[in-house]
Each structure stands twice: as C-alpha cells, then as structure tokens.
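Some notes on the structure that comes next.
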2 protein chains.
Amino acid sequence: MKAIWVYDLEIRSMELHLQIKMNEKLFVRNPEQTELGRKIIEFSIRLIHENGFEAFTFKKLAEVIGSTEAGIYRYFENKHRILIYLTAWYWSWLEFRVTFHLNNVSDPSIKLKKLIQLLAANVVDDDSTLYVDESLLHQIVIAEGSKAYLTKHVSEDNKDRLFKPYKDLCSLIAGIILEYNPAYTHPRSLATTIIEMANLQMFFMHHLPSLTDFGQSKDEQLVVEFLEDLVFCSIRK
Amino acid sequence: MKAIWVYDLEIRSMELHLQIKMNEKLFVRNPEQTELGRKIIEFSIRLIHENGFEAFTFKKLAEVIGSTEAGIYRYFENKHRILIYLTAWYWSWLEFRVTFHLNNVSDPSIKLKKLIQLLAANVVDDDSTLYVDESLLHQIVIAEGSKAYLTKHVSEDNKDRLFKPYKDLCSLIAGIILEYNPAYTHPRSLATTIIEMANLQMFFMHHLPSLTDFGQSKDEQLVVEFLEDLVFCSIRK
DNA sequence: TTTTAAATGATAGTATTACTATCTCATAAA
DNA sequence: TTTATGAGATAGTAATACTATCATTTAAAA
C-alpha cells in the first residue's frame, strides 16, 4: 500500500495538518498547491451544499471567489470532475479516519461497530484540514455522491482510477468482514451495502422519511442500529 | 387502495393491455393519451438508455420523433420530470408484477424469494405495453433512477406525491417482511435496502466489478443469492 | 539583480441548453 | 357550423459550458 496520507506535523503549535494525496487524473492542476485552487475546493463545497450539484456552475463559483470561469477551468475539466474530486477526497479522508480509529483494535466485531459508527454518524468538521469542511462534504456525499459514478463514462473514469478511494474503503471493510467470518461469501457486496445504505438511509430519513423506520426521531443512531443488525446477522458464523 | 392499474382486456384478440394510471402532477398533459405523448415516452426511454440522462435533451428528443422542443414542453415541464415519470412508471409496473406473481402465494418466505427475483433479475420486455420497453426502462432505473430523488427539490416533489409508486412498493415489501417476522424492527429500511441494492449491485457488477463479489461471472442470479442471504439472515426469528 | 516561468486576471466569443411566446393549421367532437 | 384540441413552425432569450488570447503580477532561477 502506497502512502496516501501525508502528515504535516507541527510539534511546536501542536497542530496536525492532514493532507490527502489525490490522484493526478482528478484535476488539470493540483488545487491544493495554490491559493486559488484551495478556494475552488472550499467554495465548491459550500455552493454544492447550498444549491445542489445541478445548480452549481463555474460562473457562480468564480463570482464568489472573485475569479473567472476560465480560471477555474485551469484546475478542473468540468464540474463533474470537481464532484469526483470531492467524493474521492471524502472517501480517502474516511479511510484515514477508519484506519486511525481501528488502530490497536483486534476484535473484528468491535472494528465493525466502530466502522459503522464512522460511516453513519454525522461528521463534525475536524479543523485538521483548513479549506475542507468535512461536515458539509459529508452531506454532499450523501446527497450527490452517487452522481459521481452514475454516468455513461464510469468505465473510462474507472480506468483512470478516479474511484480508487471508494474501492480502497470497500476493500478495507470487506477485509474486516472476512476477519470476523472467513467463510462469508459476499464481503465486498456487503461492504458497499453498508457504505451506500449509511448514506441513503440518512438521506431518506430526512427527505423521504416514510421509506425508513426512523422518520419520527431523525436520530442517526437508529441508522447505526439498523446497519449493525444487518451486518452482524449476515456474517454470523 | 385505489385502482392504479387499468386492465384493457381484449378477449377476442387475447391481448392484455396494461395501462398504469399515473399521478397528474407528473406531467403537464397526459402523454399516454396522444400519439405524440406516447412517442415522447417511447423515445425518451431509448435516448436516455443510449446516451445517459445528462446528454438527454428535449431538442434531441424532438428531432428523433419529428417534432419540436415546444411540442415536448406541452407534455413535460422539463427533462427531470420525464425521469421522475419514467421511474414512477417503472415502480408502478413492478408493483403490479409483484402483486400478480404473489397472488395465491401464502408462505411469506416464498413471497420474499419471488420478490427478490423480480427485483434483481433482468427484465424482458413483456409486450403488454406498446410504447414502453420495460427492459430498457429497467436499465435506466438502475443507472439513473436515484437521480429522480437526489435533488434539492425532493421535498416539494414528495409533497406532490411524485414518489408514491416507489413508496407503495416499499410498503408492500415491508408488509411481507412483517408477515414473515412481525417482530422485525426495520421493515421499511430493509425494503429500501433490497430495492436499492438490487439495482446498485447490478450496476457495480457491470461497471465497477471489484466493488462486488460477482464481477467475474456477471450473473444476476448471484445478486439474487446475495440479497436472499441478506434478507433472510436479518429477519430470521 | 535580472531573467524566466508560473499563476492569475481580463476579456471575448461560440455552441448548446433550457426554456417562453405566438401564430397557424388540421382535425374531430359538440 | 362552431369550437376546442393537438400539433407544427418559427422566433427569441437567458444561462450554461466551454475555448482562446493577451496582459499582468508574482515568485523562483540564473
């Protein structure tokens, strides 16, 4: 496994800056390396969160960051690539969190529980990344995430490894499932089911509550319970 | 339960024409009642299937059916409404099929098995509807279906009951789950999980196979097995 | 310190998309 | 015969999704 996360540890100020190494094919120019690039990330998150991906345009983005459309095209081929970039970033960040929280945990059932918690619970912006609001990004992934791969050009995008972070997280989860029960026959499909349902049940809970069993309380812990139940029943030895 | 399906039974010719009664708010003018309207349905299915929803425009649709953009706007407010219409149609049609196939079946476990088969297996165009190719429509629902509700205006669309067919199917499934095990605590969330995963695992199997456990064979029966396993483990008494 | 390259800003322009409006004409029901 | 209805034809607009060019600032290299 190659290094995906770069720790920029400043001992003196006791700040841990987390930098995620992104696939070069996701962008035209690396947005993390310039001021404008970082503004593009920060404000595309805000705008997509606010108005939805369909209403998001480079023109509007350019306006709020005081730049021009052409300026943004220097970083991203089109708005869909920004969406893929943001979701890829999110999945990489989540994989880091999962790895971090599962460190030194040996019991696979505890691993799975912590994992489900990390996947389904609301995210609090953790300040370890300056220009990414993880809380907003999480909500974007819930509401817009699947649009990143539900396209006619999935296969080409996949060849460019644009979905690798998602796949890596899926592999990680599948591995833990197999640790728990090496005989389980569908670890990957169950992993994607957990990931996707963590997001979708949250979306339904808020917007189409009658499609879930937790419309009244709108408590994300109920989603966690549902997923735990689903997973542990399935992989029971 | 109000009548959703209209059977237009022609005894003499032995043809059963199935007509699905659609919510009035889905369209500006009912496309089923005119030649142009039916062409809009037929060819929007073909075009969306062929080029994807993003590349689908009223202009292109108008060209292939020999009409004009303005002509299509007389039937649908915009292309997103066509997508909602098509998915609503599909879910109504599927609910009809499920009800039909589960008729006279009393054992809830057989019901659930038949249901999963109907949800996850490839659809064969059944010729009972002249201008709807159910096979193509099924593939559209797999690849584009969630875009119908993943918008900033879900709640308003929901108030107009545009997602009622989906919800009805969900209720139907949840009911069968409770028949099997009245003590099961998440029947609705499990129902949406079955529906969504039937589609998503199929999509992943074909386009991002490493996210599933059936990438090699690409056999949809493996999706059926996965779902059966998932469901019956969860609701076991 | 000067040269050079990189990053950005400013401006312009095009094809396409997503509509709205209006007017005519054919047809078929009242 | 009147009158709605459905549909074709045409026009026009604002916004979207780009591409191209050139000037300027800034920062790194010589």
Side-chain angles (χ1 to χ4, degrees), chain A residues 22 24 26-44 47-48 50-86 131 144 147-148 151-153 156-157, chain B residues 22 24-44 47-48 50-86 130-131 144 147-148 151-153 156-157:
Chain A
M22 302 295 288
E24 300 269 322
L26 283 164
F27 45 76
V28 181
R29 178 181 302 174
N30 193 337
E32 290 179 291
Q33 286 169 358
T34 65
E35 190 53 34
L36 180 61
R38 288 184 290 266
K39 270 191 179 171
I40 290 172
I41 302 304
E42 181 179 351
F43 287 89
S44 60
L47 283 184
I48 295 173
E50 220 167 301
N51 313 310
F53 182 64
E54 277 71 35
F56 169 71
T57 68
F58 277 14
K59 195 169 192 182
K60 290 177 194 164
L61 177 59
E63 271 163 35
V64 297
I65 64 181
S67 181
T68 59
E69 263 185 287
I72 296 163
Y73 278 105
R74 291 195 183 105
Y75 286 85
F76 289 99
E77 232 173 285
N78 52 52
K79 69 172 186 168
H80 188 256
R81 284 292 168 118
I82 291 194
L83 183 64
I84 300 184
Y85 180 94
L86 293 178
Y131 47 93
E144 322 280 358
K147 294 171 192 169
T151 66
K152 274 284 159 180
H153 47 87
E156 295 93 78
D157 290 350
Chain B
M22 302 294 288
E24 301 269 322
K25 300 228 173 161
L26 283 165
F27 45 75
V28 181
R29 177 181 302 175
N30 194 337
E32 290 178 290
Q33 286 169 359
T34 66
E35 189 55 34
L36 180 62
R38 288 184 289 267
K39 269 190 179 172
I40 290 173
I41 302 304
E42 181 179 352
F43 287 90
S44 59
L47 283 184
I48 294 173
E50 220 167 301
N51 313 310
F53 183 65
E54 278 70 35
F56 170 73
T57 67
F58 278 13
K59 195 169 191 180
K60 290 177 194 165
L61 177 58
E63 271 163 36
V64 297
I65 63 181
S67 181
T68 60
E69 262 185 289
I72 296 164
Y73 278 105
R74 290 195 185 105
Y75 287 86
F76 288 99
E77 230 174 285
N78 53 52
K79 70 173 187 167
H80 188 256
R81 284 292 167 117
I82 290 195
L83 183 63
I84 300 184
Y85 180 93
L86 293 177
L130 288 323
Y131 47 92
E144 323 279 359
K147 294 172 193 168
T151 66
K152 275 284 159 181
H153 45 87
E156 294 94 78
D157 290 350

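Each chain gets a letter, A, B and so on, in the order the sequences are listed, and its residues count up from 1.
- The residue among B/Leu36 and B/Ala70 whose nearest nucleotide of DNA chain D lies closer to the 5′ end is B/Leu36.
- Between the C1' atom of C/dT8 and the CD1 atom of A/Ile72 lies a distance of 12 Å, rounded to the nearest Å.
- In this structure the side chain of A/Ser44 never reaches within 4.5 angstrom of the side chain of A/Tyr85, judged on heavy atoms.
- Atom pair B/Asn78:CG and D/dA14:P shows a separation of 20 Å (rounding to whole Å applied).
- Note on B/Ser67: a side-chain N or O is less than 4.0 Å away from OP1 or OP2 of D/dG8.
- Distance A/Arg38 CZ to C/dT8 C1': 14 Å, rounded to the nearest Å.
- Atom CG in A/Leu61 sits about 14 Å away from atom C1' in D/dT16, given to the nearest Å.
- Residue B/Glu69 has its side chain nearest to C/dA18 when only C/dA18, D/dA17, C/dG9 are considered.
- Within residues 25-35 of chain B, the residues that have a heavy atom under 4.0 Å from DNA chain D are, in order of number, B/Arg29, B/Thr34, B/Glu35.
- Using a 4.0 Å cut-off between charged side-chain N and carboxylate O, B/Glu54 and B/Lys147 make a salt bridge.
- B/Tyr73 comes within 4.0 angstrom of a base, heavy atoms only.
- Within 6.0 Å of NZ in B/Lys39 there are 12 or fewer heavy atoms belonging to other residues, nucleotides or ligands.
- Checking D/dC22, C/dT17, C/dA7 against the side-chain heavy atoms of A/Tyr75 singles out C/dA7 as nearest.
- Within 6.0 Å of NZ on A/Lys152 lie more than 12 heavy atoms contributed by other residues, nucleotides or ligands.
- Atom-to-atom distance recorded for A/Thr68:OG1 and A/Leu61:CG is 10.5 Å, nearest 0.5 angstrom.
- The nearest whole Å value for the distance from the CD1 atom in A/Ile40 to the P atom in C/dA7 is 12 Å.
- Seen from the ring of B/Phe53, B/Lys79 counts as a face-on cation partner, given the 6.0 Å and 45° thresholds.
- Taking atom CD of A/Glu54 as the reference point, atom P of C/dA18 lies 11 Å away to the nearest angstrom.
- Rounded to an integer number of Å, the gap from CZ of B/Phe58 to C1' of D/dA9 is 19 Å.
- Side-chain contact check for B/Tyr75 versus B/Ile41: every heavy-atom pair is 4.5 Å or farther apart.
- Between the CD1 atom of B/Ile65 and the P atom of D/dG8 there is a distance of 8 Å, rounded to whole Å.
- Distance from the side chain of B/Thr57 is smallest to C/dA18 among C/dA18, D/dA17, D/dT10.
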